[in-house]
Colleague: 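Supplied in structure tokens, the structure appears directly below.
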There are 2 protein chains.
Amino acid sequence: MPKQRSTHTRQLILDKATDLASLEGLEGVSIGRLADALGMSKSGVIGHFASKQDLQLATVEAARERFESEVLDAIEGEPGIERLRAMTERWIQYIEGEHFSGGCFFWAASAEFDGRPGAVRDRLAELTALWLDAIGAEARLAQRLGEIDDGEDPAQLAFELHAYVQEANWSYQLLERADSFTRARRAVESRIARVSI
Amino acid sequence: MPKQRSTHTRQLILDKATDLASLEGLEGVSIGRLADALGMSKSGVIGHFASKQDLQLATVEAARERFESEVLDAIEGEPGIERLRAMTERWIQYIEGEHFSGGCFFWAASAEFDGRPGAVRDRLAELTALWLDAIGAEARLAQRLGEIDDGEDPAQLAFELHAYVQEANWSYQLLERADSFTRARRAVESRIARVSI
DNA sequence: CCTACCGATCGGTAGG
DNA sequence: CCTACCGATCGGTAGG
């Protein structure tokens, strides 16, 4: 069954690519280095994809799938403020758990591609905006449920909660400060406590 | 006076390099592309530096000098909470003013080098930590002056204020949201207002 | 500051 | 999935 083996190999390639990309950037994952890391030939790697950009787009989708199964699907709790807390906490756990060697894949890729127009950048913007807006939507729901003060702007709250987690990733990855995630949790908790009714 | 002309050319190279790096990353600034962008030969470019890493380190220093003259030297106001406000506001203005085509140089370079050990990464961590800790030190001073509640942790406050500005840079560069800096200002203002006595 | 060049690596293809 | 190869570009050097 060569088709099955091919799909398996493709997934192995993409797992390695997401990991390398969090360390060295998507553009830094050359076909040759990826092949070396996998013990394969270059043509064996790129044969699964139409082009380097196609490989990059597939790598982004692989990272999305991991985020969905590790974060989105693992969020529990009642809709509203409980779920809003669960979303940020699960996200922090995901980054803290070092599923990628170089920290959050999307954070690294965002910085790398924000100045490079094209399909990869567009997809990264689409996916990260979906997550930011999902946080905002949950805050809005909590507000409708009467759990958050009516004077709050849910999108503003999402901006700030999202900021704390991205800052923790930066502070942990570049500054290597051990208190990064503690600080993010403290910021999230006091921000949510402040708007709670 | 060949020495003067050489220093001038070197500065032209570094100005172009900081700008290209904010768009395409420090590693993406190849000697050949930099030479093309400047209308020079490759050897004319690299002749000013001992190596590619030396060029990258010099580019980081050039970005530091711009940050110092545009932000640090432009901060006004009395020490304490007034100065804390001025630091974040001047920083936001700097990023908002698009001095670099691709947004904050240090944010882009942080994400790129946090997974690449070496002198460039070390220097980036050193410089960004200095700025984060300067914000924290100003918050601590404001606290000693009795302008900030004694129960606040100045480093935690700095973490959060720093987070808002980095989030604005991300939101503006990748998502292209026009309200990015407005949201950062709102977050900074309400956070500082909350801890003020 | 230039031209001319070095070996290594890039993305990608031909052919099997 | 492989070997063998393509032209282009990489960082860097020799020599002027």
Side-chain angles (χ1 to χ4, degrees), chain A residues 1-18 20-21 23-60 62 109 112-113 115-121 123, chain B residues 1-18 20-21 23-60 62 109 112-113 115-121 123:
Chain A
M1 284 184 285
K3 188 66 191 296
Q4 263 198 3
R5 179 156 148 263
S6 189
T7 302
H8 179 240
T9 303
R10 187 188 144 98
Q11 194 56 49
L12 284 178
I13 294 168
L14 292 175
D15 283 344
K16 183 65 76 178
T18 51
L20 284 177
L23 275 168
E24 315 241 14
L26 261 180
E27 208 68 48
V29 182
S30 73
I31 298 162
R33 290 170 67 185
L34 194 48
D36 274 357
L38 290 158
M40 290 172 64
S41 67
K42 286 201 313 174
S43 73
V45 168
I46 199 63
H48 288 273
F49 309 92
S51 66
K52 176 83 186 288
Q53 178 174 288
D54 189 57
L55 165 62
Q56 290 177 335
L57 286 168
T59 304
V60 171
E112 187 178 6
F113 278 85
R116 306 183 187 220
V120 177
R121 185 217 136 97
R123 186 62 175 150
Chain B
M1 286 183 284
K3 189 64 190 295
Q4 263 201 3
R5 178 153 147 266
S6 190
T7 303
H8 178 241
T9 302
R10 188 187 145 99
Q11 194 56 49
L12 285 177
I13 294 168
L14 291 175
D15 283 344
K16 182 65 77 178
T18 51
L20 284 176
L23 275 169
E24 315 241 13
L26 260 179
E27 208 68 49
V29 181
S30 72
I31 298 162
R33 291 170 66 187
L34 193 49
D36 274 356
L38 290 159
M40 289 172 64
S41 66
K42 288 202 309 175
S43 74
V45 169
I46 201 61
H48 288 272
F49 309 93
S51 65
K52 177 83 186 287
Q53 178 174 289
D54 188 57
L55 165 61
Q56 289 177 336
L57 286 168
T59 304
V60 171
E112 188 178 5
F113 278 86
R116 308 183 186 219
V120 177
R121 184 215 137 96
R123 186 61 174 148

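Here is the naming used below: chain letters follow the sequence lines, and residue numbers restart at 1 for every chain. Values in this document were obtained by computation on a predicted structure and should not be read as measured data.
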Colleague: The side chain of A:Arg33 is closest to which nucleotide in this list: C:dC10, C:dT13, D:dG11?
Modeller: C:dC10
Colleague: Both distances under 3.5 Å, Watson-Crick or G-U wobble: report the partner of D:dG15, or none.
Modeller: C:dC2
Colleague: Can you figure out which of D:dT3, C:dG11, D:dG11 approaches the side chain of A:Ser41 most closely?
Modeller: D:dT3
Colleague: Write down the distance between CG (B:Leu38) and P (C:dC2), rounded to a whole number of angstrom.
Modeller: 10 Å
Colleague: Give the nucleotide from the list D:dG11, C:dG12, D:dT3 with an atom nearest to the side chain of B:Lys52.
Modeller: D:dG11
Colleague: In the structure shown, which nucleotide is the Watson-Crick or G-U wobble counterpart of D:dG7, with both distances under 3.5 Å?
Modeller: C:dC10
Colleague: Heavy atoms from C-beta onward define the side chain here; which of C:dG12, C:dG11, D:dG11 lies closest to that of A:Ile46?
Modeller: C:dG12
Colleague: Out of C:dG12, C:dC2, D:dC10, which nucleotide sits closest to the side chain of B:Met40?
Modeller: C:dC2
Colleague: Calculate the interatomic distance between B:Leu26 atom CG and D:dG11 atom C1'; express it in whole Å.
Modeller: 15 Å
Colleague: Identify which nucleotide among D:dG12, C:dT13, D:dT3 has an atom closest to any side-chain atom of B:Ser51, counting heavy atoms from C-beta outward.
Modeller: D:dG12
Colleague: A:Lys42 has an atom NZ; how far is it from atom C1' of D:dC2, in whole Å?
Modeller: 14 Å
Colleague: Which nucleotide wins on minimum distance to the side chain of A:Ser43, given the candidates C:dG12, C:dA14, D:dG11?
Modeller: C:dA14
